[in-house]
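In what follows, chains carry the letters A, B, and so on, assigned in the order in which the sequence lines appear, proteins first and then strands, with residues in each chain numbered from 1.
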Amino acid sequence: MSDKIGIYVCECGPNISSKVDIERILEEIAALEDFRDKELIVKQHKLLCSVAGKAFLEEEIKANELTHLICAACSPRDHDSTFKEVCKKAGLNPYMYKIVNIREQCAWVISDKEKATDKAIQYIHAGMDRVVYQQPLIEKQLDSNPDVLVIGGGIAGLQSALTLAGKNRRVFLVEKSAELGGTSIHFQKLLPRQGSDTATRNRKIKEVNKNPYIKVFTSTELSKIVGFLGNFEIVLKNSENDSETELLAGAVVLANGFQQANPQDFEGYNYTDNDEVYSALEIEKMYSETNQITMKSGELPKTVALVHCVGRKEVGYCSKICCNYLIKISDYLQSISSDIEIIDLFQDMCLPEKEDQEYYEELAARVIHSQRVTGTKVAGNKLTYTGINGRETTIEPDMIILAPAIIPAADNVHFANLLNIELHETGFFQEAHIKINPVSTNTDGVFVVGANRGACSISDAVIQAQAAAGKVLTQLIPGQKIIPEVMVSEILEAYCTGCQTCLEVCAYGAIYYDAERGISVVNEAICRGCGNCVGSCPSGSIRTRHFTNPQLYQEVKEALRK
Amino acid sequence: MNPTETVLVIGSGIAGMEASLMLSKAGKKVFLVERLPLIGGNVIKTGESFPNMECSTCLVAPIQQEILQDSNIEVLTVSDIISISGKAGDFAISVRKRARYVNIGACLGCGMCYPVCPVTQPNNWEQNLVEKKAIFVECAGSLPNVPVIDPALCLRLNGGEECNLCMEACMFGAIDFSEKEEILEINAGAVIVAAGFETIDAKEIENLGYGKYPGVFTAYELERLLASNGPTEGKLRMRDGETKPGRVAIIHCAGRDKVGYCSNVCCSYSARHAHFMKEKLPEVEIFDIYSDLCLPDKHYQKLNTEIRNGTSSYIYQSDIAKMKIEELEDKLLIQYLNEQEAEVSLEVDMLILTVAIKPAAGLEELADLLEIEIDKYGFIKTAAGEIGSVCTSRSGIFVAGCAEGPKDIPCSVLQSEAAVAQVMRLLES
Ligand SMILES: Cc1cc2nc3c(=O)[nH]c(=O)nc-3n(C[C@H](O)[C@H](O)[C@H](O)COP(=O)(O)OP(=O)(O)OC[C@H]3O[C@@H](n4cnc5c(N)ncnc54)[C@H](O)[C@@H]3O)c2cc1C
Ligand SMILES: Cc1cc2nc3c(=O)[nH]c(=O)nc-3n(C[C@H](O)[C@H](O)[C@H](O)COP(=O)(O)OP(=O)(O)OC[C@H]3O[C@@H](n4cnc5c(N)ncnc54)[C@H](O)[C@@H]3O)c2cc1C
Ligand code: SF4
Ligand code: SF4
Ligand code: SF4
Ligand code: SF4
Ligand code: SF4
């Protein structure tokens, strides 16, 4: 019998020592002599987390050859990682230690010192009951591939590739159409804050094409992908000749862009191709191809109405970029002819970037007749709007230009399934955390950038692309191994009936079904140890390491005694 | 210190913290320089944050803790950059670490020292809604949870008296009046400027009555009133600390015409404000007086729609410059032009101004010192001829977060992750 449990009670200065009776704790715990046949070493220290405290603990672990360690101290949030580090330094497997919170859960919340002490003793006892069931866990190291698959050759995909590619990292850029550039290829100009002209966009396409570390696959789509961060196996398929290419990559950046809603799908927009009604994108295309914006007759329009927010109510979000590009289109029109009357029917002006407002105000002062409306309808060439006073007015301008909502690309659903990532209720991709992890997804190693996350400008797309690159460059360092989570689940073959219930609850796609053996199997490199599957398994054959039933049961049983 | 393995981050808001953690995980040594005694930036002033109404402390505290525990990150609080030389890949930076007079290693954050201090001063971090002592932490939950002594006010340090009260109260011997400022020389390969923003002085918006009428509050004052660690512990009260407001109006775009740009976040945080005011005082009546709505994210309009459906009445005004505020006994009378440009008025108890965002104080001086350009609004300028760039006019120095312009938390984080990408590329080459 050589097992020794070390139990160290921290005074935390007066924080714990003035509110619980540490002497009594030491006495009562030491009196549990031969606790499960283990030897107990029970001591106190003034400040375990201090430099001196950590040195003391390290020395204690080594000198006493402890096999288990309990630190009765503060919240694990404060110092769990501190004591884990001490274990590692002293050569004790960190999964053989447990922190017991006698500060926030006892000292600070119970005013009666005796009761606080009783509770602290009980919690320490519960911790001891758990720690004896703990098992050492050993971290594994996996090789990882630093190369990256980028899907989509729009501005977001181009920028991702450019920021990622280098002599230690290749990028495979897959574009389904025959050309790179995405939607922005159709723009004659960008916004003034973007330097107006499209030189930067053109330069990016050129740089991608000549970069020796980027391999571009046009007319190609992703057909298969399996694996996890650092190790994805990928099959691409060329749509022209059906040829397949197999590759390996460590991460995937998805930049499949957006589509524009068809205004005719929204109530109140009834017109045909013969009417003088255009979407903004059609105007961009016309202008960049012909250098003119003309009616079907080939003549210049004399009056043009710009209609904001088409379908905004139906889709439930603002498309962010349309106020801006409609101002840009007014700019096009006034540069074509100063005689064109521009009627701008907006609902709200959404100009979220520094220079947008000035651009608008300058043009509004000279050429745009802006009018705030609450609703618009189109019937053929007639446009009816409801003013903010509630009155309806119908006009018949020579040309009507609509800003239809930006909606998710049709293949988002397909990608969500293929890459096991989540969709937001709008149909755009869902970020791992809305605020503090915006380009990551629930699958490690898969990132979403550009307009597939929600309507955005080119500037936003470029920033998001660099952000995903930042994630990859700091997570997949060439030559460095990756260390997967060790507190993962395992399925016990003997009990698993192969019902596959667990496959459905795992949000990370970590479980697969092994048809040959007729059981479900956890891929430990993907599993995050969330424990969802454990509760779902009808035959109780799944356990999460470090959170096994005996471990939890023993701890809870003692904590709830009496 | 190998410069290609070291990065200097200026400002410990959400942008600076995210960059520091990412770089540390990639094995870089990070110096995180923050001029205040606490890290976390402006996000920790807001009790909750949109769009998901998550508690900001719960969002940020784990990040702050991780930063403080990370041995690759050296956090330098109460510190300023004083000079920089060298070039991308090899900068030499001097940092002045002012004396805190409390030993961070020894202090436990028990809070015994400040109640005994005889000197009081307004707590500017709490928007001057309460006072603090000469030895203080800004608010409950400040991290690092270690007080600081203001040497200009401390009776002992400013040379006057033999006061020793805080030292006597401290059981850990953490107070150290002999602490001196230090000048640290840091050799780093790249610099990220994440110095954030502040809001304009609401008194400058003369027609909206701030500073004249006690019933007029700024958005940050409201944030502190709504925050559970704020001066009222989260109770919505007028300045006397007792009276509950019956009717509250939020005026959007306060100061937007002065700064010349939209501040990007106020339409969304106002929806959050309305939500929490109503939650705390269900009988309160709320009005949002606006002229534009800027809700540029897939999550934001939904939030706005929910608030308009019952929590707040949205009222359109057509010219903020023509708005007038008057005090009538203990009520405020707001006069504004409606859709038809007719003058209408509304009587409320409390008025909240969504004060425009501007560059942080000292940003221009910092930019001068770093020899990087600022734009016409005073924010850090990004590389000319580029779109969505995080590079400044000087190679090796990058910008992230609101130091570049007003933005929400996700966009601040995105920019900081982008800056990290550029730093990694620079240091790899
Ligand atoms: C009329 C109009 C004017 C605009 N003007 C401006 C402006 O002046 N300034 C500005 O900043 N923004 C402007 N925008 C917004 C701009 O278009 C977007 O910000 C930008 O296009 C987003 O880039 P992206 O790469 O995310 O998507 P996209 O440009 O849509 O590119 C996505 C790419 O992915 C490819 N793809 C899709 N599915 C697959 C697949 N399954 N496999 C492989 N490849 C796939 C597509 O073929 C495409 O090449 C405008 C938008 C519109 C509609
Ligand atoms: C009233 C209000 C409510 C908001 N609510 C929300 C919300 O609910 N959700 C949301 O997403 N966004 C919200 N925002 C926006 C959010 O606060 C910002 O996006 C975020 O704080 C930006 O982080 P940052 O790191 O860029 O800057 P900051 O938070 O400003 O941090 C900058 C840091 O740099 C330090 N610093 C400054 N200058 C120097 C210097 N010279 N040397 C050293 N250090 C320096 C500062 O002390 C500070 O700690 C709100 C903004 C306001 C005004
Ligand atoms: S950007 Fe402007 S036009 Fe587009 S949905 Fe938003 S408010 Fe409407
Ligand atoms: S523990 Fe969670 S992540 Fe792991 S296999 Fe089970 S459900 Fe999936
Ligand atoms: S020494 Fe200074 S800080 Fe301390 S109690 Fe006295 S006045 Fe306050
Ligand atoms: S009394 Fe001492 S230990 Fe406690 S907060 Fe003050 S300085 Fe820190
Ligand atoms: S975000 Fe809203 S309130 Fe703020 S300046 Fe822009 S439009 Fe005005």
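- The contact between B:M22 and chain A is made by backbone and side chain atoms together, counting heavy-atom distances below 4.5 Å.
- If you measure heavy-atom distances from A:A52 to chain B, you find no contacts under 4.5 Å at all.
- Interface remark: A:A455 contributes no atoms to any contact with chain B (heavy atom separation under 4.5 Å).
- With a 4.5 Å cut-off on non-hydrogen atoms, B:D375 touches chain A through its side chain but not through its backbone.
- When heavy atoms are compared at a cutoff of 4.5 Å, B:F50 approaches chain A solely by way of its backbone atoms N, CA, C and O.
- Residue with the most contacts toward chain B among A:N15, A:D78, A:I477: A:D78 (heavy-atom pairs, distance under 4.5 Å).
- There is a side-chain donor-acceptor pair under 3.5 Å between B:S56 and B:T46.
- Contact annotation for A:L190: only side-chain heavy atoms (C-beta onward) come within less than 4.5 Å of a heavy atom of chain B.
- Of the atoms belonging to B:E66, not a single heavy atom falls under 4.5 Å from chain A.
- For chain A, the nearby part of B:Q340 is the side chain; its heavy atoms alone come within less than 4.5 Å.
- Side-chain N/O atoms of A:S459 and A:Q194 include a donor and acceptor closer than 3.5 Å.
- Neither the backbone nor the side chain of B:Y300 comes within less than 4.5 Å of any heavy atom in chain A.
- With a threshold of 4.5 angstrom between heavy atoms, A:R193 does not approach chain B through any atom at all.
- Heavy atoms of A:C12 lying under 4.5 Å from chain B belong to its backbone as well as its side chain.
- Among A:A467, A:A199, A:G470, the residue with the largest count of heavy-atom pairs under 4.5 Å with chain B is A:A467.
- Counted by atom type alone, A:S81 and B:Q69 present one or more donor-acceptor pairs between their side chains at under 3.5 Å.
- A donor-acceptor contact under 3.5 angstrom links the side chains of B:Q415 and B:E404, judged on distance only.
- Using a 4.5 Å cut-off between heavy atoms, A:Y360 does not touch chain B at all.
- Both the backbone and the side chain of B:S49 have a heavy atom closer than 4.5 Å to some heavy atom of chain A.
- Neither the backbone nor the side chain of A:S50 comes within contact range of chain B; no heavy atom of the residue lies under 4.5 Å from a heavy atom of that chain.
- A donor-acceptor contact under 3.5 angstrom links the side chains of B:E54 and A:H433, judged on distance only.
- Although no hydrogens or angles enter the test, the distance criterion places no donor-acceptor pair under 3.5 Å between the side chain of B:E428 and the main chain of B:V423.
- Note: A:K435 leads A:R203, A:K435, A:E85, A:R201 in heavy-atom pairs under 4.5 Å with chain B.
- Contacts between B:I63 and chain A at a heavy-atom distance below 4.5 Å involve the side chain alone, from C-beta outward.
- Taking chain B as the reference chain and counting heavy-atom pairs below 4.5 Å, the highest number among A:V462, A:V315, A:D348, A:D460 is found for A:D348.
- Heavy atoms closer than 4.5 Å to chain B are found nowhere in A:K46, neither backbone nor side chain.
- Within the 4.5 angstrom heavy-atom criterion, only side-chain atoms of B:I14, from C-beta onward, approach chain A.
- For B:K407, no part lies under 4.5 angstrom from a heavy atom of chain A.
- A:E358 and B:Y377 share a donor-acceptor pair across their side chains, judged by distance under 3.5 Å alone.
- Neither the backbone nor the side chain of A:R391 comes within contact range of chain B; no heavy atoms are under 4.5 Å apart.
- Residues A:R453 and A:Q430 bring no donor and acceptor atom of their side chains to less than 3.5 Å of each other.
- Of the two parts of A:Q347, neither the backbone nor the side chain holds a non-hydrogen atom closer than 4.5 Å to a non-hydrogen atom of chain B.
- Chain B forms more heavy-atom pairs under 4.5 Å with one residue of A:G166, A:G454, A:G13, A:S457 than with any other, namely A:G13.
- For chain B, the option among A:I434, A:N389, A:I155, A:V472 with the highest count of heavy-atom pairs below 4.5 Å is A:I434.
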